[in-house]
Q: 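Quick one: the structure is below, questions incoming.
Below, chain A is the first sequence line, B the second, and so on; all start at residue 1.
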Protein chains: 2
Amino acid sequence: MKVPALDRTSPVPLYFQVAGRLEQLIESGQLPVGGRLENEVELADRLGVSRPTMRRAIQYLVERGMLVRKRGIGTQIVHPKVRRPVELSSLYDDLAKSGKQPTTRIRHLDVRPAPDHVAEALGVPEGTEVTWFERIRFATGEPLALMHNAVPVDVLPLRRDDLEARGLYELLRAAGYVPRMADQVVGARAATAAEARLLGDTRGAPVLTMTRTAWDAGGRAVEYGSHIYRASRYSFALTLSS
Amino acid sequence: MKVPALDRTSPVPLYFQVAGRLEQLIESGQLPVGGRLENEVELADRLGVSRPTMRRAIQYLVERGMLVRKRGIGTQIVHPKVRRPVELSSLYDDLAKSGKQPTTRIRHLDVRPAPDHVAEALGVPEGTEVTWFERIRFATGEPLALMHNAVPVDVLPLRRDDLEARGLYELLRAAGYVPRMADQVVGARAATAAEARLLGDTRGAPVLTMTRTAWDAGGRAVEYGSHIYRASRYSFALTLSS
DNA sequence: CAGTGGTCTAGACCACAGG
DNA sequence: CTGTGGTCTAGACCACTGG
């Protein structure tokens, strides 16, 4: 595999170019998994960058779980592929990515003062106006989830058409409110009769529940959601790291 | 609040001392949330450290969600408290921390070749020997979870007594296999009659399911688990960040 | 324009692991 | 002891923001 040389005129930071180069060498097998990297001084020399820059590149891959460093020992390759941390995406994005043709039906949408528990979750004063809406999400025609959301109106005005055509997170991102942090609680319970009817399931069928509050980089609460998913058709996959 | 001065003879890195100092100033309210920090050059001067060291301290707090930086703008305080990323802990630890008096009953324990799906999850050759065990976890006397685990024998030999007195993760940590990364899948289903009996629940009651594979820092698979939790008594709380 | 954070360098010393 | 990564410095230049 061809590895591009470093380009010092590029706006891409040097350390990032170096990291990408290492990543390619590892993924292509030229640097074997389980093997050791040269020491950072020699690597820096070989690539013609300073040691701090080399360290930054290595550190970047360490944070992504590809390398492990030990003082006095060296740097070892532990994974050929990067493990991604938990994704902060919406169901819509997930389905679209896996080719499941998501569609959405808006059952309700209005602007109202935030109920107490929602205001508390969002960390806004009671009575703050939010857009409140209820959606059913389908995947390849099958009902999958029943979703309730609140988005403060001063974050983003939302319209039915937008929500039917695109995912909430996509709309938030487009408006500059990039979700960066979220508290989630995942549980399970039996579906009520009404929920079962909407989801095309039987009463008492197990459903996954998820409530989430999401904030952007500036710490501004952008979304509160309380959703249920058909347990027979959905589960959450997470990669955790500490 | 008194803030300790920097100690250049301490083995604690300077940048970490600086970060702790900033953290205290913010938590004590001397630096107001929403306010801006001085620029990094002046801060470095004021504390008598170099700019790179100051940057590293600030970066540390940025990664923990306490500060937000924007080029050309400055550094803003967005959270008084640090948000922790997802915890990688066992149910036992969680219960113990919240004062729920966890107890464990070992229903079964043996050493056997890993079943195919377990070997695949652990990424070890088929037939690798694992300790396989089934536990019921109680909280304040009530059954809470039914847990199945596999731990490769060459990672750690496990005995009933140990597992009854302590959590699996505590045992792994004590043996030097610190779980650092995990893939989890969380779902839900209805309990079988046998499961319901063991959990003191009724047949068909909703249960949370969780399967997990955990690795240590060196990329070595240390644990595979397949658990069910009574939905009426347990849910997962997560803080995600990207 | 002035002020901010982002990148990069060359070199120094230290702490830890292993033979 | 040698070799490794970990920390720290002083200074340079660049890129972006806002007035």
Q: Just the rounded figure in Å: distance from P of C:dG5 to CG of B:L37.
A: 8 Å

Q: What is the distance from NZ of B:K70 to C1' of C:dG3, rounded to the nearest Å?
A: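 Atom NZ in B:K70 sits about 17 Å away from atom C1' in C:dG3.
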
Q: Base, sugar-phosphate or nothing for A:R8? Non-hydrogen atoms, less than 4.0 Å.
A: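 Answer is sugar-phosphate: A:R8 comes under 4.0 Å of backbone atoms only.
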
Q: Tell me: CG of B:L43 to C1' of C:dG5, nearest whole Å?
A: 12 Å

Q: Starting at atom CG of B:L67, determine the distance to atom C1' of C:dG5, rounded to an integer number of angstrom.
A: 13 Å

Q: Just to confirm, is there a sub-4.0 Å distance from OP1 or OP2 of C:dT9 to any side-chain nitrogen or oxygen of A:T53?
A: yes

Q: Between atom CG in A:L14 and atom P in D:dC13, what is the gap in whole Å?
A: 17 Å

Q: What contact category does A:P13 fall into here, base, sugar-phosphate, or nothing, at under 4.0 angstrom with non-hydrogen atoms?
A: sugar-phosphate

Q: Under 4.0 Å between a side-chain nitrogen and a carboxylate oxygen: does that hold for A:E38 and A:R46?
A: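 Yes.
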
Q: Kindly indicate whether the side chain of B:R71 and the base of C:dG3 share any N or O donor-acceptor pair separated by less than 3.5 Å?
A: no

Q: Nearest to the side chain of A:R51, heavy atoms from C-beta on, is which of C:dA12, C:dG6, D:dT9?
A: C:dA12

Q: In whole angstrom, give the distance that lies between atom OH of A:Y60 and atom P of C:dG6.
A: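 For the pair A:Y60 OH and C:dG6 P, the rounded distance is 16 Å.
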
Q: May I ask you to decide whether A:R69 forms a salt bridge with A:E40, counting only side-chain N to carboxylate O separations under 4.0 Å?
A: yes

Q: With sugar-phosphate meaning primed atoms plus P, OP1 and OP2, does B:R56 contact a base, only sugar-phosphate, or nothing at under 4.0 Å between heavy atoms?
A: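 Sugar-phosphate: the residue B:R56, judged by heavy atoms under 4.0 Å, touches backbone atoms but no base.
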
Q: A:E42 CD to D:dT4 P: how many Å, rounded?
A: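 Taking atom P of D:dT4 as the reference, CD of A:E42 is at 6 Å.
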
Q: So, B:R220 and B:D154, do they make that salt bridge, N to O below 4.0 Å?
A: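 Salt bridge flag = yes for B:D154 with B:R220.
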
Q: Return the value, rounded to whole Å, for the distance between atom CG of B:L61 and atom C1' of C:dG5.
A: 16 Å

Q: For A:V49 and for A:I73, locate the closest nucleotide of DNA chain C by heavy-atom distance; then report the residue assigned to the nucleotide nearer the 5' terminus.
A: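 Of the two residues, A:V49 wins.
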
Q: Touch check for A:R55, heavy atoms < 4.0 angstrom, all strands: base, sugar-phosphate only, or nothing?
A: base

Q: Please pick, from C:dG6, C:dC8, D:dG5, the nucleotide with the shortest atom-to-atom distance to any side-chain atom of A:S50.
A: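 Nearest listed nucleotide: C:dC8.
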
Q: Go through the side-chain N and O atoms of A:Y169 and A:E223 and say whether any donor and acceptor fall under 3.5 Å apart.
A: yes

Q: If you look at every heavy atom in B:I77 and B:P32, which pair is closest and at what distance?
A: CD1-O, 3.4 Å

Q: Does C:dC8 have OP1 or OP2 under 4.0 Å away from a side-chain N or O of A:Y15?
A: no

Q: OP1, OP2 of C:dG3 versus side-chain N and O of B:N39: anything below 4.0 Å?
A: no

